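Structure first, commentary second.
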Amino acid sequence: MKASFQWPRGPRSPALFAAALLVFAFAVLWPGFRLAGRLDDTTAALRLVSEQRRQAEVVAGALVSVRDRLESFGYVDEPLAEVRNGVSELDGLMRMLKGDQHPTGAFATNPGRAIEGSEGLRGDVDVLEKAWADYRRVLVPVAAFQGVPYADSEAAGVQLNEAGRVLAQEARKAIVSARKQGPLVTAALAKVSIALESESTRLSSYLRLLMLAALVGAVALGVGLVYFLIARRRQAAMLADAQRQTSDILQTVKEGLFLLDEGGRIGATHSGSMQRLFKRDTIAGVSFEELLKPLVPAKTLQTAMRFVEVLWSERTKENLVKSINPLQEVEVSFDTGGGQETRWLEFDFHRVKNDGKLVNLLVSVNDVTQRVRLARELAESREKAQSQVDTLLGVLHVNPQQLRSFLGDSDAAMKMVNAMLREPAREESAFRRKLDSIFRQIHSIKGEAAALGLGTVESRAHEFEDALKEAREKPSLSGGDFLPLVVKLDDLFTHLASIGDLVARLAQLNYGQGAGDEEEPEQPTAAAKPAPAAPAAPPTPIRADDPITQTLNQLIDNISRDRGKMVRLQAEGLADVPSAYRRAIKDITVQAVRNALVHGIEAPDFRERSGKPGVGTIKVGFRSEGPNGYRLVIEDDGAGVSLRKIREAAVSRGILTSEDAARLESKQLLSLLFRAGFSTQEVEDEDAGRGVGMNVIAELVKELSGRVGVSTGEGRYTRFTIVLPALAGAAEDVA
């Protein structure tokens, strides 16, 4: 009769094999691990001691060098550094051996543990520690020396100073002690080293015996494992067919399908389209957060993870929470090596329950890029069409003469900005000057566009200013920071060109209609109608060829309507502005009137409570003073300029300290209004807050070699007086 052993089959087989493996681990592998750890600790301690065996002699040599260099007035920092290093190295060795300092981590070697495990080693280390403590006491005063040990005078030459004499005395004491204590420390280190070598040899012998036992046990377990695998092969074959069918289904569907466990990790089974949708080979075992992190912004990722947490709550109603799904249509970006590919994915979540308990989340993913792009193209087409309609309506309401003047001035300004962007610069100051100059040109375009009611131009110029402001706030600038400005410039340039093309087509259309009807008298078209009149007529008649006054009236109408104010313009002499000064005067008056409307003129109810008329007044006067040149005065009867607000703004923006601001006189404070980037308005909008308008005035006056002054009465008025030099030649061609 033959008997044979059969490995148990069924559900208990893995448990029995695991139990045998656990017994083997505790019986053989765990003691081996402990022995290996002790051997590592002993080896580490031996290495440390061996490295420091001659450190006491090195320190003694450095002490002699310190003494000799002091006597010859030489450079002592190098030998002092050797003394300090020797003290530091031996202190570190002591801490390591005593276990006071060791690398962190459960598996890091610790020389101190090697000493703790042997009574003989502890005694040797105690002897070493006592010898080093005696030696260290005389080394510390030398190692602690800082500074220069010499004094130099014309009478006595180079001599030891008080600190140098103390150092020399301490060095001699240390040399004497080194002759006695140094050999003791060296001998103690040698004794510890010998003991550690002996301990290392003993531990190695034990470890070899234990590894031999482990090898025998591993062979036995290996035989059992092979038998176990053969027994389980049948069951694997039965599962293979079911898995193949599941795989065929998952590889066929176009949707991305996967399961999320409670820990947020993707299950081992998922649809084949997942690799295509997420452009990665490994999907199984990856956390949902790790899958989304490189594809979506941090805020979207955070919201998505919170949503998944809510789905795992048993109290949450699945149909209700689906309405707040943050991944219903999410934009993702893939790095293709040569750039970024943007796509849109749609995630849907379903709960999977087993015996009424939530066990997984089934997630389906669809690529909806085509649908999103078609929707966006439709929206962009509608927006473009609406923009063209808005532009056309805006152009039709602008006086043709003013519009042509604006387009000509804007074209010159844009070419100047383009030249500034192309101008090479290297230093930070040059970049800042370039930025301020571009800011002034764009602000002038924005101001006149606002005056003419060209909202599409004003909004694009405002976006350009946003990009300029972002660059201005950077702590340092380089040529690369100006690249985004080129895109903004191209957008504004293209839009202005489209307006110019539209104006040209309208002119051709009007010309064609007039030529085809010779019998009808010529009538002004809608585009040629003058701008609406201001609330109150100016004291002097406005000539038809005075575009500056018309521009200012339109500016007042637009901003007053938006801000709920009532303002009238009193203009005088603007029709007599020489052509050489026309554009500069127009830019100056637009900026000054805009500033008065935003900062100066109060709301009607506030003015009436203050005893003023509800309608504010802005006066603009230009006159020739013969050989003395020209004088331009812009005055409003508004709130005036608050010196307190100027001080507070200067301090809050870091321009002045509170002490310096308190010392400034009113004239000096008012001059801050013309500083680039300075504004008393805390909130920025399209009309103010950037600190550019007054700086534009100052720079324009400076370019014309003129002077600008400001006077104010708080609560009563603000007046800007600009004096410009006389033009060369008697003929003053007016605009």
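Position 1 is the first residue of the sequence, and the numbers go up from there. Please read these numbers as outputs of a predicted model, since none were measured by experiment.
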Provide the closest heavy-atom pair for [X] versus [Y] in the form atom of the first, atom of the second, distance.
{"X": "A304", "Y": "P326", "answer": "CA-CG, 3.8 Å"}
{"X": "G638", "Y": "R607", "answer": "CA-NH1, 4.1 Å"}
{"X": "R631", "Y": "T721", "answer": "NH1-CG2, 3.2 Å"}
{"X": "R343", "Y": "T369", "answer": "CB-OG1, 3.3 Å"}
{"X": "V641", "Y": "I646", "answer": "CG1-CD1, 3.4 Å"}
{"X": "G626", "Y": "A726", "answer": "O-CB, 4.0 Å"}

Contact check, side chains of [X] and [Y], non-hydrogen atoms, under 4.5 Å:
{"X": "F622", "Y": "I585", "result": "yes"}
{"X": "L597", "Y": "R563", "result": "no"}
{"X": "V651", "Y": "D660", "result": "no"}
{"X": "I722", "Y": "I634", "result": "yes"}
{"X": "L724", "Y": "L632", "result": "no"}
{"X": "L656", "Y": "L672", "result": "yes"}

Under the side chain to side chain donor-acceptor pair (under 3.5 Å) test, which residues partner [X], sequence neighbours left out?
{"X": "T617", "result": "R568"}
{"X": "S711", "result": "R719"}
{"X": "R561", "result": "N558"}

Working to the nearest 0.5 Å, report the span between [atom1] of [X] and [atom2] of [Y].
{"X": "I588", "Y": "M694", "atom1": "CD1", "atom2": "CE", "value": "10.0 Å"}
{"X": "R583", "Y": "L700", "atom1": "CZ", "atom2": "CG", "value": "8.5 Å"}
{"X": "E331", "Y": "E329", "atom1": "CD", "atom2": "CD", "value": "10.0 Å"}
{"X": "I697", "Y": "T589", "atom1": "CD1", "atom2": "OG1", "value": "8.5 Å"}
{"X": "E714", "Y": "K645", "atom1": "CD", "atom2": "NZ", "value": "8.5 Å"}
{"X": "R594", "Y": "L555", "atom1": "CZ", "atom2": "CG", "value": "6.5 Å"}

Full working for side chain to side chain contact (heavy atoms under 4.5 Å, CB included) between E659 and R663:
CA-CA 7 Å; E659 294 79 8; R663 285 195 295 267; 4.0 Å; yes
Between I618 and L552, is the side chain to side chain contact (heavy atoms under 4.5 Å, CB included) condition met? List the steps.
CA-CA 10 Å; I618 299 177; L552 296 180; over 6 Å; no
So, are R644 and E648 salt-bridged, with charged N and O less than 4.0 Å apart?
yes
Between the side chains of E635 and K619, is the shortest nitrogen-to-carboxylate-oxygen separation below 4.0 Å, so that they form an ion pair?
no
Do [X] side-chain atoms and [Y] backbone N/O form a donor-acceptor pair below 3.5 Å?
{"X": "K612", "Y": "D637", "value": "yes"}
{"X": "S560", "Y": "D557", "value": "no"}
{"X": "R647", "Y": "L664", "value": "yes"}

Below 3.5 Å, can you tabulate the donor-acceptor pairs from side chains in residues 294-303 to any protein atom, sequence neighbours excluded?
{"unit_1": "T303", "atom_1": "OG1", "unit_2": "K299", "atom_2": "O", "d": "3.0"}

Taking ring-ring contact (aromatic ring centres under 6.0 Å, His included) as the test, write out the residues that go with Y717, two or more places apart.
none
For F720, enumerate each residue passing the ring-ring contact (aromatic ring centres under 6.0 Å, His included) test, keeping only those at least two apart in sequence or located in another chain.
none
Plane angle bin for Y581 and Y630 - parallel if under 30°, tilted between 30 and 60°, otherwise perpendicular
perpendicular
Does the side chain to side chain contact (heavy atoms under 4.5 Å, CB included) test come out yes or no for F674 and V708, once each step is laid out?
CA-CA 10 Å; F674 301 101; V708 59; 3.9 Å; yes
